[in-house]
Amino acid sequence: MAEPSERVNLWCMSTVSSAPLTTIASIGQYEGQSVTLRGWLYNLRSSGKLLFPTFRDGTGTIQGIVPKAAVPEELFETLKNLTLESSVVVTGKVRADSRAPSGFELDVEDVIVTQRIPDETPYPIQLKEAGVDFLMEHRHLWIRTPRQSAILRVRATIMRAAAEYFDTNGFFRTDPPILTPNACEGTSELFEMEYFDNDKAYLTQSGQLYIEATAMALGKVYSFGPTFRAEKSKTRRHLTEFWMIEPEVTYLELDGLMSLAEGFLTHIVARVLEAHRGDLKVIGKDVTKLEAITAPGEFPRLSYDDAHKMLLDAHAKGLIENAHVYGDDFGSPDETYISNQFEKPVMVHRYPAEVKAFYMQPDPLDPTRALCVDVLAPEGYGEIIGGSQRVDSYDLLKSRIEQHGLPMDAFQWYLDLRKYGSVPHSGFGMGIERCVAWICGLEHVRETIPFARTLNRIYP
RNA sequence: UCCUGAGUAGCUCAAUGGCAGAGCAUUCGGCUGUUAACCGAAGGGUUGUAGGUUCGAGUCCUACCUCAGGAGCCA
């Protein structure tokens, strides 16, 4: 058996062959030519004197063909005995073939094995089924599989498109601190840590209060970064560490905020459809559901009261188990039902102020309502955006802080924003992982981020 | 925190209280168009942990551990 070794250095690879270096995603441009790919052996089938190695390189997969009679003996033996996920530099001629899923195959001419995985320690992840626990324990390897790679590529586009929407609409990115001295919203569990000698610090659970301050400096701002919640939630929608993008805009009221959210989500979906139809196919997402988002027509806007009536009707018809109690927030089954009634994301606004955060502006037409909006993604994915107009009165904000039993000292700087040139302003936050889960049609948010942090898992 | 379910070969799973099994993976052999290829053979086990019931426990009981799904809360 040929025993290729780690004999290849990255900087000399370009001299191995005169063929142009390319990626699997763009290999169609080279039909009829020889090219060089750098990647890994994804799978290997054989039929007597014919080998079918499948290669992957992070942009896609392609099947190679190696007839014994057409290549040197050493090359054939090397490939025949190559172990899955060994790293390789492959040179071959690109050929269109209707039998290939991607439309192209590679007639292999040369292979340099960068590292051969030894027989005694085979690659642990099989192409066949595996359980959640095993896959999460091997997340560092699981992300190599075509479906997981496709999800991560879509995630990258969603993150870029989200930032791009604000960058091209006059926003300034102003990221808040990740270490904070107190709870922004006071109630939820926070990750606590020592801050030098006598102080505690907490990992941020939202940058909102800080970007209200930067909005007062710059007008239209957004932040984009990780947030942390020590909630003991074990569901398909929760992570303890997740990424949030949050715009905050001065002189913007609730209606304008909803329009902003609508334009923002539409832009993201459009960008994903532009760039990732192939990936969405690998993932198994029905793209017609996404095309419905970018089709003409506004996102439905539903008041809390209307949503409540919708839920009562549904309960009367036996479509949901529990009758919604007027005045309560919506539970997950309620949100799922509401979102399933629409093709587009639905914006539910003006919840009872009592169930919402202290900083939300009351509706002047009915002060028991908060000027807030939750955007519920279609197909039962639930809340992906939560936002509101903020309290702009010093006196009202101060009394709210008192009512909620929050430490006044910690909020002095926040109150200053209402003391010195207060203006109406609004903002929202979108959790990237829930957005990715919705757009990709995933069962669980743990697949939307390279290394998910959940209640029971912090390895790898 | 509460409710429910699951832990058996590297992986996915079977096994009426009565001999510990299969598929995939690995190794060896066969096949010139395979698409998670297929065919033949071999190796591979402290049934999550600790007790208990029983002639006999993977199976029944108790406790614990781990994981999963859901509720609440949230993005």
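Not measured: the values here are computed from a predicted model. In what follows, chains carry the letters A, B, and so on, assigned in the order in which the sequence lines appear, proteins first and then strands, with residues in each chain numbered from 1. No hydrogens, no waters, no symmetry mates; every other heavy atom, side chains included, goes into these values.
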**Student:** When you look at A:F451 and A:Y459, which way does the ring pair (Phe, Tyr, Trp, His ring centres under 6.0 Å) test go after all the steps?
**Tutor:** CA-CA 8 Å; A:F451 295 95; A:Y459 176 90; 9.6 Å; no
**Student:** Given B:rU34, B:rC74, B:rU32, which nucleotide is nearest the side-chain atoms of A:R45?
**Tutor:** B:rU34
**Student:** What nucleotide, of B:rC74, B:rA71, B:rC67, holds the atom closest to the side chain of A:E335?
**Tutor:** B:rC74
**Student:** Within the pair A:R237 and B:rA71, is there a side-chain N or O less than 4.0 Å away from OP1 or OP2?
**Tutor:** yes
**Student:** Using the C1' atom as the reference point in each nucleotide, state the distance between B:rG29 and B:rA15 in Å, no decimals.
**Tutor:** 32 Å
**Student:** For A:F52 and B:rG33, do the ring centres fall under 5.5 Å apart while the planes stay under 30° apart?
**Tutor:** no
**Student:** Separation of A:I65 atom CD1 from B:rU32 atom C1', in whole Å?
**Tutor:** 11 Å
**Student:** Across the strands shown, which category fits A:K234 at heavy-atom distances under 4.0 angstrom: base, sugar-phosphate, nothing?
**Tutor:** base
**Student:** Rounding to an integer number of angstrom, what distance separates B:rC31 and B:rA57 when you compare their C1' atoms?
**Tutor:** 47 Å
**Student:** Hey, which of A:V249, A:L260, A:T250, A:L252 is the one that makes side-chain contact (heavy atoms from CB on, under 4.5 Å) with A:K220?
**Tutor:** A:V249
**Student:** If I pick the C1' atom on B:rC19 and the same atom on B:rU59, what distance separates them, to the nearest angstrom?
**Tutor:** 16 Å
**Student:** Roughly how many Å apart are B:rC39 and B:rG58, using the C1' atom of each and rounding to a whole number?
**Tutor:** 33 Å
**Student:** Between atom CD1 in A:I125 and atom C1' in B:rA25, what is the gap in whole Å?
**Tutor:** 13 Å
**Student:** Centres of the A:F330 and A:Y351 rings: under 6.0 Å?
**Tutor:** yes
**Student:** Please report the distance, rounded to the nearest Å, between CG in A:N81 and C1' in B:rG29.
**Tutor:** 13 Å
**Student:** Any salt bridge between A:R99 and A:E105, counting N to O under 4.0 Å?
**Tutor:** no
**Student:** With heavy atoms under 4.0 Å as the rule, sort A:T54 into base, sugar-phosphate or nothing.
**Tutor:** nothing
**Student:** Tell me what A:R446 touches on the nucleic acid: a base, only sugar-phosphate, or nothing, going by heavy atoms under 4.0 Å.
**Tutor:** sugar-phosphate
**Student:** Walk me through it: do A:Y222 and A:F264 pass the test ring pair (Phe, Tyr, Trp, His ring centres under 6.0 Å)?
**Tutor:** CA-CA 12 Å; A:Y222 76 100; A:F264 172 70; 9.0 Å; no
**Student:** Kindly say whether the aromatic ring centers of A:Y202 and A:F228 come within a distance under 6.0 Å.
**Tutor:** no
**Student:** May I ask you to say what A:E433 touches in the nucleic acid, namely base, sugar-phosphate or nothing, with a heavy-atom cut-off under 4.0 Å?
**Tutor:** nothing
**Student:** Do A:E443 and A:R236 sit within salt-bridge range, that is, some charged N less than 4.0 Å from a carboxylate O?
**Tutor:** yes
**Student:** Hey, does the side-chain of A:S47 have a donor or acceptor N/O within less than 3.5 Å of a partner on the base of B:rC38?
**Tutor:** no
**Student:** Treat primed atoms plus P, OP1 and OP2 as sugar-phosphate and everything else as base, then score nucleotides 6-13 of chain B 5' to 3': B for base contact with protein heavy atoms under 4.0 Å, S for sugar-phosphate contact only, - for none.
**Tutor:** ----BBS-
**Student:** Kindly state which residues belonging to residues 369-387 of chain A come within less than 4.0 angstrom of RNA chain B, counting heavy atoms of the residue only, listed by number.
**Tutor:** A:E383, A:I384, A:I385, A:G386
**Student:** For A:N456 and B:rA68, is the shortest distance between a side-chain N/O and OP1 or OP2 below 4.0 Å?
**Tutor:** yes
**Student:** Identify whether the distance between the nearest side-chain nitrogen and carboxylate oxygen of A:E73 and A:K68 falls below 4.0 Å.
**Tutor:** yes
**Student:** Taking all heavy atoms of A:R153 and all of A:G60, pick out the closest pair and write down the distance.
**Tutor:** NH1-N, 4.5 Å
**Student:** Using the P atom as the reference point in each nucleotide, state the distance between B:rU16 and B:rG21 in Å, no decimals.
**Tutor:** 13 Å
**Student:** Charged N to carboxylate O under 4.0 angstrom, A:E335 versus A:R237?
**Tutor:** no
**Student:** How do A:L44 and A:A69 order along RNA chain B: which one's closest nucleotide is nearer the 5' end?
**Tutor:** A:A69
**Student:** Between A:E433 and A:R155, is the closest basic N to carboxylate O distance under 4.0 Å?
**Tutor:** yes
**Student:** Less than 4.0 angstrom from a charged side-chain N to a carboxylate O is my criterion; do A:D133 and A:R457 meet it?
**Tutor:** yes
**Student:** For RNA chain B, please output the secondary structure as dot-bracket, reading 5' to 3'. Pairs are Watson-Crick or G-U wobble, both atom distances under 3.5 Å; mark crossing pairs with [ ], other-strand partners with |, unpaired with a dot.
**Tutor:** (((((((..((((....[..)))).(((((.......))))).....(((((..]....))))))))))))....
**Student:** Pick the closest RNA chain B nucleotide for A:T240 and for A:P101 by heavy atoms, then say which residue is nearer the 5' end.
**Tutor:** A:P101
**Student:** Can you say whether a donor on the side chain of A:S233 sits under 3.5 Å from an acceptor on the base of B:rC74, or the other way round?
**Tutor:** no
**Student:** Using a strict cut-off of less than 4.0 Å between a Lys/Arg side-chain nitrogen and an Asp/Glu carboxylate oxygen, indicate whether A:R56 and A:E85 qualify as a salt bridge.
**Tutor:** yes
**Student:** In this structure, how many angstroms lie between the P atom of B:rC74 and the OH atom of A:Y351, rounded?
**Tutor:** 11 Å
**Student:** Is any side-chain N or O of A:R434 under 3.5 Å from a base N or O of B:rC74, one able to act as donor and the other as acceptor?
**Tutor:** yes
**Student:** Using whole Å, report how far CG of A:L51 lies from P of B:rC38.
**Tutor:** 17 Å
**Student:** Side chain of A:R99, heavy atoms from C-beta onward: which of B:rG33, B:rA71, B:rA68 has the nearest atom to it?
**Tutor:** B:rG33
**Student:** For the pair A:E246 and A:S206, evaluate side chain to side chain donor-acceptor pair (under 3.5 Å) and give the outcome as yes or no after the intermediate values.
**Tutor:** CA-CA 9 Å; A:E246 298 176 274; A:S206 165; 3.1 Å; yes
**Student:** So A:E105, base contact, sugar-phosphate only, or nothing? Heavy-atom distance under 4.0 Å.
**Tutor:** base
